[in-house]
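We're numbering straight along the sequence, starting at 1. These numbers come from a predicted model, not from an experiment.
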Amino acid sequence: MSIEVCSVNKTFNQFKALDKVSLKVETGELVALLGPSGSGKTTLLRVIAGIEAADPGSGPILFDGRDVSAQEAGKRRIGFVFQHYALFKHMSVFENVAFGLRAKPWRLRSKEAEIRAKVGELLQLVQLQNFAQRYPSQISGGQRQRVALARALAVEPRVLLLDEPFGALDATVRRELRRWLRKLHRRIHVTTVLVTHDQEEALDVSDRVAVMNEGRIEQFDSPEAIYDSPANPFVFKFLGSYNLFHARKTNAGDAVAASPADAGGVTFVRPHDIEIRRENSDGFGIAARINHIGFAGSLVNVELARIDNDTVVDAALPAHAYKDLGLKPDDRVFIRLRNTRSFDEDFSI
């Protein structure tokens, strides 16, 4: 089931939550809507689901090319999973998953034996077959989220919509559930749209990522393209730590001009793309002084200050590279920039 959103607007009072948003999700694809709070990602998800209506004059919402804009949410066959699970506390895990099947009109409802078999299959799919008779209060947060996913899948949705599904969980559980979601999606291939503000999560699980900002889609591409070739400064900034040089790259990207007067625009580079050298053998290095060294497991974070203008530069080195260089605070070194990205003007995040 493909999803196509065509030039959709959504306004709340005077606030424009969606501004002519267009997006196409292919059949069986997992797409992440990524952006900061207030960027419009949850509103877009709710418009796709039919929970919110787009503004009059907006383009259609198409499922497999058929306009469902006027169709109420209950008839779109959407599986919707919320951040806080929304499980029924008084029902067992089994009954939570069976709820949608039992709630169907009696003419459409399966026989009890078929419902029990279906729920059993789903609990096995989400690896909770041994927890069927427990209540939500008796299982972990990660297990509750899997129950919520099983409940959404029970009604055989054409589209699965996930609104910050792992946001309430700690980092370790989120990583485990991301791995589990990837495996689940490969197995069932239901068209899925995931809302998240977690960059690592979006890049890790999705086939494509739509980066949103102020009700617009800034870039829609594969995780690799989004990270390696961001469309503008906003996308670059939002996808992780960065260094900003107020000049365009020069010398084929090996260094940047010292000030805007030397070259217009801005250049971005990630901390892990800052190379530190003891010598400036080719003349392209930028002289810097080490301010601070912080240890972060396999990486060592090095804060430097440029000698020419005292601008702070953050570098992240593998532990073995740090040891080989023998760096200490106040050492004078030279930095080289790899994988830089220049833009004609700066955008604020």
Side-chain angles (χ1 to χ4, degrees), residues 1 27-32 45 49 51 73-196 198 201 204-207:
M1 173 69 65
T27 300
E29 194 173 26
L30 195 163
V31 164
L45 197 76
I51 298 172
K75 294 183 178 178
R76 294 191 188 186
R77 283 185 58 192
I78 296 290
F80 205 112
V81 178
F82 298 91
Q83 177 177 349
H84 295 290
Y85 328 127
L87 299 180
F88 299 111
K89 297 179 181 179
H90 65 287
M91 290 184 180
S92 67
V93 166
F94 185 97
E95 292 302 328
N96 264 283
V97 176
F99 178 80
L101 298 172
R102 299 198 197 282
K104 287 183 177 182
W106 69 269
R107 288 187 181 86
L108 302 176
R109 194 179 309 156
S110 300
K111 294 179 180 179
E112 180 62 21
E114 294 172 343
I115 290 175
R116 299 191 73 82
K118 177 73 172 178
V119 173
E121 289 173 8
L122 286 166
L123 290 177
Q124 189 165 6
L125 181 67
V126 300
Q127 301 170 359
L128 290 174
Q129 61 269 31
N130 296 327
F131 297 83
Q133 300 310 314
R134 295 195 187 182
Y135 288 85
S137 62
Q138 297 174 317
I139 58 177
S140 69
Q143 289 168 333
R144 288 177 209 153
Q145 194 58 277
R146 281 188 275 157
V147 174
L149 278 162
R151 185 177 62 182
L153 293 170
V155 295
E156 298 181 354
R158 298 183 295 176
V159 172
L160 183 62
L161 305 179
L162 311 175
D163 188 8
E164 301 272 9
F166 310 139
L169 305 170
D170 63 54
T172 300
V173 176
R174 283 204 307 270
R175 282 194 297 271
E176 291 174 356
L177 280 179
R178 286 205 306 264
R179 187 179 304 117
W180 174 82
L181 179 61
R182 287 198 308 268
K183 292 179 181 177
L184 178 69
H185 188 261
R186 282 197 298 268
R187 181 170 174 179
I188 63 177
H189 292 294
V190 63
T191 305
T192 303
V193 181
L194 162 73
V195 162
T196 182
D198 186 317
E201 186 171 284
D204 185 31
V205 304
S206 58
D207 299 309

Exercise for the section: Just do the side-chain contact (heavy atoms from CB on, under 4.5 Å) check on L30 and V193 with the steps written out, would you? Expected result: CA-CA 6 Å; L30 195 163; V193 181; over 6 Å; no
Handout entry: Ionic contact status for D204 with R179, cut-off 4.0 Å
Key = no
Kindly say whether [Y] contributes a backbone atom to a donor-acceptor pair with the side chain of [X] at under 3.5 angstrom?
{"X": "R77", "Y": "P157", "value": "no"}
{"X": "T191", "Y": "M1", "value": "yes"}
{"X": "H189", "Y": "E29", "value": "no"}
{"X": "E114", "Y": "K111", "value": "yes"}
{"X": "Q138", "Y": "Y135", "value": "yes"}
{"X": "N96", "Y": "L87", "value": "no"}
{"X": "R109", "Y": "K104", "value": "yes"}

Exercise for the section: Would you please name every residue forming a side chain to side chain contact (heavy atoms under 4.5 Å, CB included) with V93, sequence neighbours left out? Expected result: L123, I139, V147
Problem - side chain to side chain contact (heavy atoms under 4.5 Å, CB included) partners for A49, two or more places apart - result: I51, I78, F80, L161
Handout entry: P136 versus R144, closest heavy-atom pair with distance
Key = O-NE, 2.8 Å
Handout entry: From CA spacing to verdict: side-chain contact (heavy atoms from CB on, under 4.5 Å), E156, V190
Key = CA-CA 9 Å; E156 298 181 354; V190 63; over 6 Å; no
Is any side-chain heavy atom of [Y] closer than 4.5 Å to one of [X]?
{"X": "L101", "Y": "V119", "value": "yes"}
{"X": "F82", "Y": "E164", "value": "no"}
{"X": "F94", "Y": "R134", "value": "no"}

Handout entry: salt bridge (Lys or Arg N to Asp or Glu O under 4.0 Å) partners of R76, counting only residues at least two apart
Key = none
Practice task
State which residue, out of H90, R102, R151, fulfils the side-chain hydrogen bond (donor to acceptor under 3.5 Å, both in side chains) condition with E95.
Solution key: R102
Problem - Audit row: L160, L153, side-chain contact (heavy atoms from CB on, under 4.5 Å) steps and yes/no - result: CA-CA 8 Å; L160 183 62; L153 293 170; 4.2 Å; yes
Exercise for the section: Please determine which of L125, L177, T192 meets the side-chain contact (heavy atoms from CB on, under 4.5 Å) test together with L184. Expected result: L125
Once rounded to the nearest 0.5 Å, what's the spacing between atom [atom1] of [X] and atom [atom2] of [Y]?
{"X": "E176", "Y": "D170", "atom1": "CD", "atom2": "CG", "value": "8.5 Å"}
{"X": "R174", "Y": "T196", "atom1": "CZ", "atom2": "OG1", "value": "8.0 Å"}
{"X": "R178", "Y": "L194", "atom1": "CZ", "atom2": "CG", "value": "10.5 Å"}

Practice task
Start with the C-alpha distance between K118 and L122, add both sets of side-chain angles, then the distance that settles side-chain contact (heavy atoms from CB on, under 4.5 Å), and finish with yes or no.
Solution key: CA-CA 6 Å; K118 177 73 172 178; L122 286 166; 4.3 Å; yes
